[in-house]
**Student:** 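Okay, handing you the structure first.
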Amino acid sequence: VQLQASGGGLVQAGGSLRLSCTASGGTFNAYDTAWFRQAPGKERQFVAAFRWRSTADWYTDSLRDRFTISRDKATNTVYLQMTSLKPEDTAVYFCGARLTDSSGRYPTKPNNYDYWGRGTLVTVSS
């Protein structure tokens, strides 16, 4: 499956953005799909993930009150709605995917995910 992320841009602090990640060459039905972000000079950080089979979602705790992951099954798209944005949210945002396994775990590490799209840059100005 190939992933394509979009929706990044420049926004003022306090604003909102919605990122989209679409799949080609397959559907997300058997996948966990996740958003990560990477600021300059920093490691890739887990943001949120969604499990299509069960509709379970999980977040990094510090972002769950401002960011929401969701999906549109009809268009095979996963979204990241970001609100009350802060300058420290500035980063390249990546979507990743992995086939859901039977472990019952909720992966949050970049190396847990096998498929990646090109990132989309989010810049939050103060």
Side-chain angles (χ1 to χ4, degrees):
V1 62
Q2 292 81 46
L3 309 180
Q4 178 65 52
S6 61
L10 175 63
V11 62
Q12 288 188 331
S16 300
L17 275 178
R18 189 178 75 164
L19 306 182
S20 302
C21 178
T22 57
S24 59
T27 69
F28 281 142
N29 291 343
Y31 288 80
D32 299 338
T33 50
W35 288 99
F36 286 76
R37 68 184 186 182
Q38 189 165 16
K42 294 191 176 180
E43 294 186 350
R44 194 166 292 193
Q45 176 194 20
F46 174 76
V47 175
F50 185 91
R51 179 162 291 163
W52 286 60
R53 279 183 177 172
S54 65
T55 72
D57 56 23
W58 57 104
Y59 295 83
T60 195
D61 286 343
S62 62
L63 297 176
R64 69 168 58 240
D65 60 339
R66 297 189 295 118
F67 290 12
T68 303
I69 192 169
S70 63
R71 64 102 184 256
D72 184 333
K73 200 171 183 180
T75 60
N76 211 34
T77 302
V78 61
Y79 299 102
L80 184 69
Q81 179 69 49
M82 305 184 293
T83 62
S84 301
L85 283 162
K86 305 174 181 180
E88 52 263 43
D89 295 318
T90 294
V92 178
Y93 284 71
F94 296 89
C95 59
R98 66 187 292 273
L99 285 168
T100 303
D101 61 24
S102 59
S103 69
R105 293 192 296 265
Y106 295 96
T108 61
K109 304 296 185 186
N111 62 7
N112 296 141
Y113 291 82
D114 302 307
Y115 304 93
W116 292 93
R118 297 176 69 175
T120 186
L121 177 62
V122 173
T123 304
V124 184
S125 63
S126 57

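Below, all heavy atoms of this structure are taken into account, side chains as well, without hydrogens, waters or symmetry copies. Keep in mind that this is a model prediction, so the values were computed, not measured.
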**Student:** Ring of Phe94, cation from Arg44 - is the NZ or CZ under 6.0 Å from the centre and inside 45° of the axis?
**Tutor:**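 Output yes; distance and angle both within limits.
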**Student:** For Trp58 and Thr108: C-alpha separation, side-chain torsions, deciding distance, then whether side-chain hydrogen bond (donor to acceptor under 3.5 Å, both in side chains) applies.
**Tutor:** CA-CA 9 Å; Trp58 57 104; Thr108 61; over 6 Å; no
**Student:** Side-chain donor-acceptor pair under 3.5 Å between Gln81 and Arg18, yes or no?
**Tutor:**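 Side chains of Gln81 and Arg18: no pair found under 3.5 Å.
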**Student:** Before you tell me yes or no, could you show the steps for Phe50 and Thr55 under side-chain contact (heavy atoms from CB on, under 4.5 Å), namely the whole-Å CA-CA distance, both residues' side-chain angles and the distance that decides it to 0.1 Å?
**Tutor:** CA-CA 6 Å; Phe50 185 91; Thr55 72; 3.8 Å; yes
**Student:** Can any side-chain N or O of Asp57 pair as donor or acceptor with the backbone N or O of Ser70 at less than 3.5 Å?
**Tutor:**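 No: the side chain of Asp57 does not pair with the backbone of Ser70.
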**Student:** Side-chain heavy atoms under 4.5 angstrom apart, residues restricted to Ile, Leu, Val, Met, Phe, Trp, Tyr: same cluster for Tyr31 and Tyr79?
**Tutor:**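 No; tracing contacts between hydrophobic side chains, which count when under 4.5 Å, never links both residues.
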**Student:** Work out which heavy atom in Gly119 is nearest to a heavy atom in Val92; give both atom names and the distance.
**Tutor:**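 That would be CA-CG1, 3.6 Å.
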**Student:** Can you tell me how far OG1 of Thr120 sits from CH2 of Trp35, rounded to the nearest 0.5 angstrom?
**Tutor:**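 It comes to 7.5 Å.
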**Student:** Count I, L, V, M, F, W, Y as connected when their side-chain heavy atoms are under 4.5 Å apart, and connections chain through other members. Are Trp116 and Leu121 then in the same cluster?
**Tutor:**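 Yes.
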**Student:** Tell me whether Leu17 is reachable from Leu10 by hopping between hydrophobic residues (I, L, V, M, F, W, Y) whose side-chain heavy atoms are closer than 4.5 Å.
**Tutor:**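 No, Leu10 and Leu17 fall in different hydrophobic clusters.
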**Student:** Quick check, are the ring centers of Tyr113 and Phe36 under 6.0 angstrom apart?
**Tutor:**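 Yes, the ring centres sit under 6.0 Å apart.
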**Student:** So, for Thr33 and Ala97, which heavy atoms are closest and what is the spacing to 0.1 Å?
**Tutor:**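 Thr33 and Ala97 have their closest heavy atoms at CG2-CB, 4.2 Å.
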**Student:** If we check side chain to side chain contact (heavy atoms under 4.5 Å, CB included) with Val122, which of these qualifies: Thr90, Leu19, Asp89?
**Tutor:**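 By the side chain to side chain contact (heavy atoms under 4.5 Å, CB included) criterion, Val122 pairs with just one of Thr90, Leu19, Asp89: Leu19.
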**Student:** Specify the closest pair of heavy atoms between Pro107 and Asp32, including all atoms of both residues, with the distance to one decimal.
**Tutor:**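 Of all heavy-atom pairs spanning Pro107 and Asp32, the closest is CD-OD2, 4.1 Å.
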**Student:** Where is the tightest heavy-atom contact between Val1 and Ala23, given as atom of each residue plus distance?
**Tutor:**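 That would be CG2-CB, 3.5 Å.
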**Student:** Using 0.5 Å steps for rounding, measure from the CG atom of Asn112 to the OH atom of Tyr106.
**Tutor:**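 Interatomic distance, Asn112 CG to Tyr106 OH, rounded to 0.5 Å: 14.0 Å.
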**Student:** Inspect the surroundings of CZ in Arg118 and state if more than 12 heavy atoms from other residues, nucleotides or ligands are less than 6.0 Å away.
**Tutor:**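 Open: at most 12 neighbouring heavy atoms sit under 6.0 Å from CZ of Arg118.
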**Student:** If you define the side chain from C-beta out and look only at heavy atoms, does anything of Thr22 sit under 4.5 Å from Thr75?
**Tutor:**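 Answer no - side chains too far apart.
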**Student:** How are the rings of Phe67 and Tyr93 set to each other: parallel, tilted or perpendicular (split at 30° and 60°)?
**Tutor:**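 Phe67 and Tyr93: tilted rings.
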**Student:** Would you mind checking if Arg98 and Asp114 are paired as a salt bridge, meaning a charged N to carboxylate O distance below 4.0 Å?
**Tutor:**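 Here Asp114 does not pair with Arg98 in a salt bridge, since their nearest N and O are not under 4.0 Å apart.
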**Student:** Output yes when a side-chain donor or acceptor of Arg66 lies under 3.5 Å from a complementary backbone atom of Ser84, and no otherwise.
**Tutor:**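 Here the side-chain-to-backbone pair exists.
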**Student:** In terms of hydrophobic clustering (I, L, V, M, F, W, Y; side-chain heavy atoms under 4.5 Å; direct or indirect links), are Tyr115 and Leu80 co-clustered?
**Tutor:**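 Both belong to a single hydrophobic cluster.
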**Student:** What's the shortest heavy-atom distance between Ala39 and Ala91, and which atoms?
**Tutor:**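 Nearest pair, atom of Ala39 first, then Ala91: N-CB, 3.8 Å.
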**Student:** Out of curiosity, Lys73 NZ to Asn29 CG, how far, rounded to the nearest 0.5 Å?
**Tutor:**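 Atom-to-atom, Lys73:NZ and Asn29:CG are 5.0 Å apart.
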**Student:** Check the hydrophobic clustering (I, L, V, M, F, W, Y; side-chain heavy atoms under 4.5 Å; chains of links allowed) and say if Phe46 and Met82 are grouped together.
**Tutor:**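 No, separate clusters.
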**Student:** Taking atom OG of Ser126 and atom CD of Gln12, what is their separation to the nearest 0.5 Å?
**Tutor:**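 Here the rounded value is 9.5 Å.
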**Student:** In Å, rounded to the nearest 0.5 Å, how long is the span from CG of Leu63 to CZ of Arg37?
**Tutor:**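 Between Leu63 CG and Arg37 CZ, I get 4.5 Å after rounding to 0.5 Å.
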**Student:** Can you tell me how far the CH2 atom of Trp52 sits from the CZ atom of Arg71, to the nearest 0.5 Å?
**Tutor:**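 Reported to 0.5 Å precision, the distance equals 5.5 Å.
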**Student:** Would you say Leu3 and Phe28 make side-chain contact, with heavy atoms under 4.5 Å?
**Tutor:**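 A side-chain contact exists here, since the closest heavy-atom pair is under 4.5 Å.
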